[in-house]
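Note sheet for the following structure.
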Amino acid sequence: MKTITKFVGLDVSKENIAVAVADEGRGEPRYIGMFPHTVEAVRSLVHRLSADGVELEFC
């Protein structure tokens, strides 16, 4: 099975985290949304973006 890489950009502030995702290659990044700055929200985001054969890279 081929692994797909998704690049996840996080803009972190004290209360919120803005998230954008770019697929491997030269495609345009997609704005996913604004999430609360909590462990539960980050865990939910990772679960939402993860799938079989998907590797997440965070920056």
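Note that the structure is predicted; figures quoted are calculated from it, not measured. Along the sequence shown, residues carry numbers from 1.
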According to a 4.5 Å side-chain heavy-atom criterion applied to Ile, Leu, Val, Met, Phe, Trp and Tyr, with indirect links allowed, do Phe7 and Leu10 form part of one hydrophobic cluster?
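Unlinked, Phe7 and Leu10 end up in two clusters.
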Are Val54 and Val46 linked, directly or through other ILVMFWY residues, by side chains that come within less than 4.5 angstrom of each other?
yes
I'd like a table of donor-acceptor pairs (distance under 3.5 Å, sequence neighbours excluded) in which one partner is a side-chain atom from residues 30-43, with atom names and distances.
from: Arg30; atom 1: NH1; to: Asp23; atom 2: OD2; distance (Å): 3.2
from: Tyr31; atom 1: OH; to: Met34; atom 2: N; distance (Å): 3.4
from: His37; atom 1: ND1; to: Ser13; atom 2: O; distance (Å): 2.7
from: His37; atom 1: ND1; to: Lys14; atom 2: O; distance (Å): 3.4
from: Thr38; atom 1: OG1; to: Ala41; atom 2: N; distance (Å): 3.1

